[in-house]
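These notes concern the structure reproduced below.
Below, all heavy atoms of this structure are taken into account, side chains as well, without hydrogens, waters or symmetry copies. Computed from a prediction, not measured in an experiment: that's the story for all the values here. Counting begins at 1 with the first residue of the sequence.
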Amino acid sequence: MRTRTLLTLTAAVAALGLTAPASAADTPVLTTADGAAVAVGDVLDASLASGTAATFYSSATGTSGISCTSSAFAATVTDNPAAPGTATESLTSHSFDTSGCTANVVGVLGVSGITVDNLPYTTSVSSDGTVSVTPGAGSAIQSTVRLRTLLGTINCVYRAPSLTGTASNADNSISFTNQQFTKASGSSLCFANAFFTAKYSPVTKGGVAVNVN
């Protein structure tokens with residue numbers, strides 16, 4: 001009799017939809033602000049946070065180098081597991097509009113172009129907000145900076161083994177601070193190191209902000 005009562009109660013609870021709530025683990029690492037899961041194949045994009053600039057300075061504490069007020073990236077989601085976990089993306093585009101770039105390096109008149117080479121890169125976003133950008137096997141994260149000088153245009157090539165940033169749901173941003181690149185080639189006017197700092201916000205999918213869980 002007791003067994004029958006328990007079975008009857010269990011069936012009634014299930015029928016009323018009163019089963020235990022779904023575990024938080026059912027929520028993926030990446031969701032949009034309206035609560036929808038970000039799907040594999042979705043494209044995420046972002047531009048610089050309003051009022052900020054992307055900088056390539058010659059030292060981590062200095063202000064000599066290049067500053068750009070317009071930059072953007074786009075990445076395709078390749079995996080979005082349940083949280084807590086790590087989602088992955090393929091960074092397919094990272095651009096700088098050099099019409100908004102200035103340089104305060106001695107002997108440099110201006111910036112002709114900044115190209116991010118060796119794309120795509122793998123980007124991982126963890127539940128704790130850690131963002132990592134890594135190149136393909138046998139490659140490097142590389143940027144080619146073209147500078148106008150009194151002697152003509154020079155190319156400065158900079159490389160880094162990886163980049164580390166931080167994602168924040170406060171403003172749906174991804175920030176990089178003083179990520180060090182080392183000069184691989186270029187004239188003496190190319191500074192030996194380039195420390196990259198930038199904040200991209202908001203990161204969106206189809207215009208809807210993306211959260212990290």
Let me know which of Thr122, Thr78, Thr76 forms a side chain to side chain donor-acceptor pair (under 3.5 Å) with Thr88.
-> Thr78
Any Lys/Arg nitrogen of Asp45 or Lys205 sitting under 4.0 Å from an Asp/Glu carboxylate oxygen of the other?
-> no
Which atoms form the tightest heavy-atom contact between Ala83 and Ser127, and what is the distance?
-> CB-OG, 3.9 Å
Thr144 vs Asn155, side chain to side chain donor-acceptor pair (under 3.5 Å): CA-CA, chis, key distance, verdict = CA-CA 7 Å; Thr144 300; Asn155 290 332; over 6 Å; no
Between the side chains of Arg146 and Thr115, does any donor sit under 3.5 Å from an acceptor?
-> yes
Closest non-hydrogen atom pair between Leu48 and Ala198, with its separation = CD2-CB, 4.0 Å
Indicate the atoms forming the closest heavy-atom contact of Gly107 with Thr149, along with that distance.
-> O-CB, 3.5 Å
Take Asn213 and Thr31, measure what side chain to side chain donor-acceptor pair (under 3.5 Å) needs, and give me the verdict at the end.
-> CA-CA 7 Å; Asn213 305 293; Thr31 57; 3.0 Å; yes
Where the side chain of Arg148 meets the backbone of Val111, is there a donor-acceptor pair that is under 3.5 Å apart?
-> yes
Which atom pair, heavy atoms only, marks the closest approach of Ala103 to Ile66?
-> CB-CG1, 4.3 Å
Exam field: side chain Gln179 to backbone Thr177, donor-acceptor pair closer than 3.5 Å | yes
Distance-only, no hydrogens or angles: does the Asn104 side chain make a donor-acceptor pair with backbone N or O of Gly65 under 3.5 Å?
-> yes
Is there a donor-acceptor contact under 3.5 Å linking the side chains of Ser126 and Thr86?
-> yes
Is the distance between the ring centroids of Phe73 and Tyr200 under 6.0 Å?
-> yes
Compute the ring centroids of Phe195 and Tyr158, then answer whether they are less than 6.0 Å apart.
-> no
Using modelled atom types only, decide if a donor and an acceptor are shared between the side chain of Ser59 and the backbone of Gly62 within a distance under 3.5 Å.
-> yes
